[in-house]
Amino acid sequence: MIQLKKADYEKIIAHAKKNLPEEACGLLGGRKDGDVKTVEKVYLLTNIDHTNEHFSMDPREQLAAVKDMRSSGLTLLGNWHSHPESPSRPSEEDKRLAYDPAVNYLILSLMEEEPVLKAFTIDKDRNVTVEEIKIL
Amino acid sequence: MKVTVSGNTKEIAKNTTVAQLVIDEKVENPDYVTVTINDEFVEHHDFENTVLKENDVVEFLYFMGGGSF
């Protein structure tokens, strides 16, 4: 289960909406306690692809976020990105580029009026598992 | 000699290249890894000829990207 503060949930949605029609993306830093992952900090990164169908995180911002997590004693829990015009589920490209089965991939769909945020893990064989998100 | 890799200080052999470090560190999917040395990005085609120096700070950054469809 992933625990996400309401303020951080809203921060993700605000960033994703601000970047429409492009996809938006970011990282999640936090702590693991058994099966419970608590997001302590949401990082808002630039999608250097600047398209509505793809994203690539700005590597310089990624580096800064990784260093910030380390100095804050946080672990990289995963990343998030938005799907402006498609459902909250990993696309074939998302699965192909999911290198780490130990992290979570959060996808925010903005295709309907009400945003939908879901979390996934993706194993080496590209099998997808949905993980519960608890908004605190 | 000492270098820092992903926040951990470790001893490596002199004249270790970035390409060798990627192997030594058992980096998975190296095609999708970006390397920085002292915050400077190293191009993939320079991995073989970039030699690490004492006290270098190395980071491995996995490419993070995807698509909607």
Side-chain angles (χ1 to χ4, degrees), chain A residues 21-23 25-28 43 45 47-49 51-67 69-71 73 76 78-103 105-111 120 122 124, chain B:
Chain A
E22 299 174 4
E23 289 196 16
C25 57
L27 294 171
L28 305 167
Y43 296 85
L45 273 64
N47 172 13
I48 59 173
D49 290 343
T51 79
N52 61 335
E53 293 185 1
H54 301 277
F55 81 97
S56 298
M57 291 187 186
D58 182 322
R60 291 194 181 279
E61 294 176 356
Q62 191 181 339
L63 175 63
V66 166
K67 289 163 80 173
M69 279 181 222
R70 191 177 296 140
S71 65
L76 175 67
N79 68 36
W80 69 270
H81 72 281
S82 65
H83 282 179
E85 300 153 26
S86 60
S88 176
R89 50 95 186 97
S91 64
E92 288 308 310
E93 188 176 14
D94 290 335
K95 289 185 231 177
R96 183 173 59 81
L97 294 171
Y99 69 90
D100 191 348
V103 302
Y105 299 89
L106 274 61
I107 299 175
L108 175 72
S109 171
L110 296 172
M111 67 182 292
F120 306 92
I122 303 170
K124 302 266 184 219
Chain B
M1 65 180 189
K2 281 184 184 170
V3 296
T4 302
V5 181
S6 303
N8 301 309
T9 303
K10 53 180 62 184
E11 286 282 341
I12 62 167
K14 279 187 179 177
N15 299 318
T16 297
T17 63
V18 170
Q20 186 60 47
L21 188 69
V22 166
I23 294 167
D24 293 346
E25 290 293 309
K26 299 181 173 57
V27 172
E28 291 189 47
N29 303 316
D31 289 347
Y32 291 100
V33 169
T34 299
V35 175
T36 65
I37 302 174
N38 306 326
D39 291 347
E40 295 293 327
F41 284 80
V42 181
E43 298 290 339
H44 267 260
H45 57 75
D46 288 330
F47 280 12
E48 290 284 351
N49 54 27
T50 301
V51 177
L52 293 162
K53 301 185 299 298
E54 180 91 30
N55 297 321
D56 274 346
V57 177
V58 182
E59 297 282 355
F60 295 117
L61 294 173
Y62 280 94
F63 172 79
M64 289 197 189
S68 290
F69 298 101

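Note on naming: letters A, B, ... go to the chains in the order of the sequence lines (proteins, then strands), and numbering restarts at 1 for each one.
Nearest heavy atoms, A:S88 versus A:I107: OG-O, 2.7 Å. Contact detail for B:T17 and B:L52: the closest heavy-atom pair is O-CD1, 4.3 Å. Contact between A:S86 and A:S109 at its shortest, heavy atoms only, is O-OG, 2.8 Å. The minimum heavy-atom distance between A:N47 and A:S56, with the atom names listed, is OD1-N, 3.1 Å. Pairing each heavy atom of B:T16 with each of B:L21, the nearest pair is CG2-N, 4.0 Å. A:P84 and A:E23 get closest at one heavy-atom pair: CD-CG, 3.5 Å.
Near-neighbour residues of residues 23-43 of chain B relative to chain A, defined by a heavy atom under 4.5 Å from a heavy atom of that chain, comprise B:E28, B:N29, B:Y32, B:T36, B:D39, B:F41.
With chain A as the partner, the residue from B:G67, B:G65, B:G7 showing the most heavy-atom pairs under 4.5 Å is B:G67. Put simply, of A:E92, A:E53, A:H81, A:M57, the one with the most heavy-atom pairs under 4.5 Å next to chain B is A:E53.
Scanning for salt bridge (Lys or Arg N to Asp or Glu O under 4.0 Å) contacts around A:R60 gives an empty result, with sequence neighbours left out.
Heavy-atom distances place no part of A:L45 under 4.5 Å from chain B, backbone and side chain included. If you measure heavy-atom distances from A:K67 to chain B, the contacts under 4.5 Å come from the side chain alone. Using a 4.5 Å cut-off between heavy atoms, A:D100 makes no contact with chain B at all.
By the 4.5 Å heavy-atom criterion applied to side chains, A:R89 and A:H83 are counted as neighbours.
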